[in-house]
Amino acid sequence: MPRAQSRYVCQACGAVAPKWAGKCESCGEWNTLVEEAAVEAGPPKGLGRGRGKKLDFVALSGTSAGAPRRVSGIAEFDRVCGGGLVPGSAILVGGDPGIGKSTLLLQVAARLARTGAGCAYISGEEAIDQVRLRAARLGLAEAPVRLAAATSVRDIVASLDASDLDLVVIDSIQTMYVDTLDSAPGTVSQVRAAAQELIRLAKRRGFALLLVGHVTKEGLIAGPRVLEHMVDTVLYFEGERGHQFRILRAVKNRFGPTDEIGVFEMTDAGLAEVSNPSALFLGERRGHVAGSAVFAGMEGTRPMLVEIQALVAPSPYGTPRRAVVGWDGNRLAMVTAVLDARCGLSLGGRDIYLNVAGGLRIAEPAADLAVAAALVSALSDRPVPPETVVFGEIGLAGEVRAVSQMDARLKEAGKLGFTAAFAPPRRGGSKPRAGDVAVTEIAHLRQLVDLFEPEARAA
Ligand code: TYD
Ligand code: MG
């Protein structure tokens with residue numbers, strides 16, 4: 001086979017150069033030229049002659065059946081995918097090395113294979129024996145998954161094109177290479193070319209393609225997010241090393257919502273689903289101590305209670321420390337500024353440590369009030385009243401605003417044995433349907449501060 005010509009494409013401006021150079025001639029950026037396999041017939045030069053095929057236009061309304069989905073039976077995984085795997089779609093599963101991507105995908109493949117679907121697992125990282133050992137450890141050795149160890153995309157395409165499959169796992173895309181490029185596996189051009197070939201095959205053969213991608217130091221999947229644009233769905237598998245919780249998060253999904261998360265627990269026998277994450281995240285809570293507040297949050301469609309811990313200490317340094325785990329540091333700065341300006345509670349000369357227990361990361365503004373409660377509680381050395389959840393968004397004037405899904409949050413709190421809530425007043429003044437949970441409405445942050453100890457304000 002003749003060797004295809006390579007070309008070099010600037011990742012910043014898209015200019016094409018025949019040779020590599022350190023600087024792009026066109027836009028002047030440095031180190032942006034990346035080798036690419038030239039398209040078969042070279043770049044199109046206008047449309048030329050040749051008649052095109054006529055398009056069939058149809059009405060917007062119609063009876064297209066929704067994509068039939070392949071349900072693996074691992075509910076936490078299926079939900080994050082938007083309700084199962086869509087045939088012909090490509091899904092990128094990113095995460096730090098060692099977080100459990102291979103384990104998760106082997107479990108998905110095995111579960112799906114047991115339902116009668118054709119599943120292949122291609123490992124470029126581990127030898128057959130290693131994957132078999134893991135399968136045995138997971139109790140999945142007898143599942144009819146087709147296993148192979150390979151890294152050449154040409155071999156993989158040749159083998160998969162002939163077979164009838166519903167799911168193919170590529171572990172990992174960074175180990176795959178196409179032989180028309182000179183660069184080493186794992187480089188941007190190789191990763192992109194390999195993914196392109198495999199995605200094209202998945203579309204043609206109609207199998208769901210799961211690509212494992214290791215996250216680089218900068219937190220990006222294989223360089224400048226090259227893969228995220230090419231696939232239909234991007235899932236991140238995250239977790240703290242020291243914790244056994246793992247969270248699967250959709251950051252892009254053409255076939256479903258992107259705010260869903262799946263929660264797993266890494267056990268001796270693989271990843272176990274956690275169907276009641278609130279109980280898990282609150283499991284290690286220690287009675288009523290100052291500086292701890294339970295936030296009633298939402299992750300996608302699911303309510304989730306998490307503990308927020310704060311520690312406030314006089315700072316030995318001129319510039320106090322602000323250390324935040326699991327929340328946005330800028331948001332903390334805003335909450336402390338509002339506490340200072342609107343409630344006269346000065347945190348300026350103190351170190352603040354804020355931690356979302358269990359390794360979860362919260363992005364909701366609804367956590368503002370829970371963070372404020374943890375901070376005020378820590379400062380006044382008085383615990384938040386027992387069995388109380390907190391939520392609400394804080395505005396710059398100190399007002400506490402209503403948040404979405406208040407009923408769902410209160411219901412989850414009631415289900416887990418909480419009996420009280422600090423919550424914002426409802427829009428339109430309607431009373432919350434709180435069931436057994438007694439709601440204390442907080443319209444202004446000052447009301448929350450007063451609940452603790454007025455003297456704390458002078459501190
Ligand atoms: P792995 O799936 O290999 O991670 P990745 O593919 O993301 O690099 O998971 C590796 C870690 O998971 C390893 O540290 C061991 C642990 N593990 C368990 O705790 N229990 C198990 O049943 C398995 C298979 C792995
Ligand atoms: Mg792996």
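One-based numbering, in listed order, for ligands and for the atoms of each.
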Practice problem: Measure from NZ or CZ of R246 to the centre of the six-membered ring of F264, then state whether that distance is under 6.0 Å and the direction lies within 45° of the axis. | Solution: no

Quiz item: Do you see a donor-acceptor pair shorter than 3.5 Å between the side chains of S278 and E412?
Solution: yes

Quiz item: With respect to R134, which candidate in T103, L140, D129 satisfies the side chain to side chain contact (heavy atoms under 4.5 Å, CB included) definition?
Solution: T103

Exercise. Could you list the atoms of ligand 1 found under 4.0 angstrom from a heavy atom of A269?
Key: 22 (O)

Quiz item: Among S172, G95, G100, whose heavy atom sits nearest atom 9 (O) of ligand 1?
Solution: G100

Quiz item: Numbering the atoms of ligand 1 from 1, which are under 4.0 Å from a heavy atom of M266?
Solution: 12 (O), 16 (C), 17 (N), 18 (C), 19 (O), 20 (N)

Quiz item: What atoms of ligand 1 come closer than 4.0 angstrom to any heavy atom of S102?
Solution: 2 (O), 5 (P), 6 (O)

Quiz prompt | Closest to atom 2 (O) of ligand 1 among L106, T103, V93 (heavy-atom distance) | solution = T103

Quiz item: If you measure only the distance, is there a donor-acceptor pair under 3.5 Å linking the side chains of D171 and S123?
Solution: no

Self-check item: E307-S292 side chain donor-acceptor pair, cut-off 3.5 Å
Solution: yes

Self-check item: Atoms in ligand 1 flagged as close to P97, the criterion being non-hydrogen separation under 4.0 Å
Solution: 8 (O)

Self-check item: Proximal ligand 1 atoms for L138, defined as those under 4.0 Å from one of its heavy atoms
Solution: 22 (O), 24 (C)

Quiz prompt | Atoms in ligand 1 flagged as close to T267, the criterion being non-hydrogen separation under 4.0 Å | solution = 18 (C), 19 (O), 20 (N), 21 (C), 22 (O)

Practice problem: Return the option from R134, K101, Q130, R246 holding the heavy atom at the smallest distance from atom 3 (O) of ligand 1. | Solution: R134

Exercise. Hey, could you give me the CG/NZ distance between L416 and K411, rounded to the nearest 0.5 Å?
Key: 12.5 Å

Quiz item: If you look at every heavy atom in S377 and P383, which pair is closest and at what distance?
Solution: OG-CA, 3.8 Å

Quiz prompt | Any N, O or S atom of T103 closer than 2.8 Å to the Mg ion (ligand 2) | solution = no

Self-check item: Criterion side chain to side chain contact (heavy atoms under 4.5 Å, CB included) against C119, the qualifying member of L167, L147, L210, L106
Solution: L167

Quiz item: Which option out of G270, G94, G98 puts a heavy atom nearest to atom 8 (O) of ligand 1?
Solution: G98

Practice problem: Using distance alone, decide if ligand 1 has a nitrogen or oxygen within less than 3.5 Å of any nitrogen or oxygen in R137. | Solution: yes

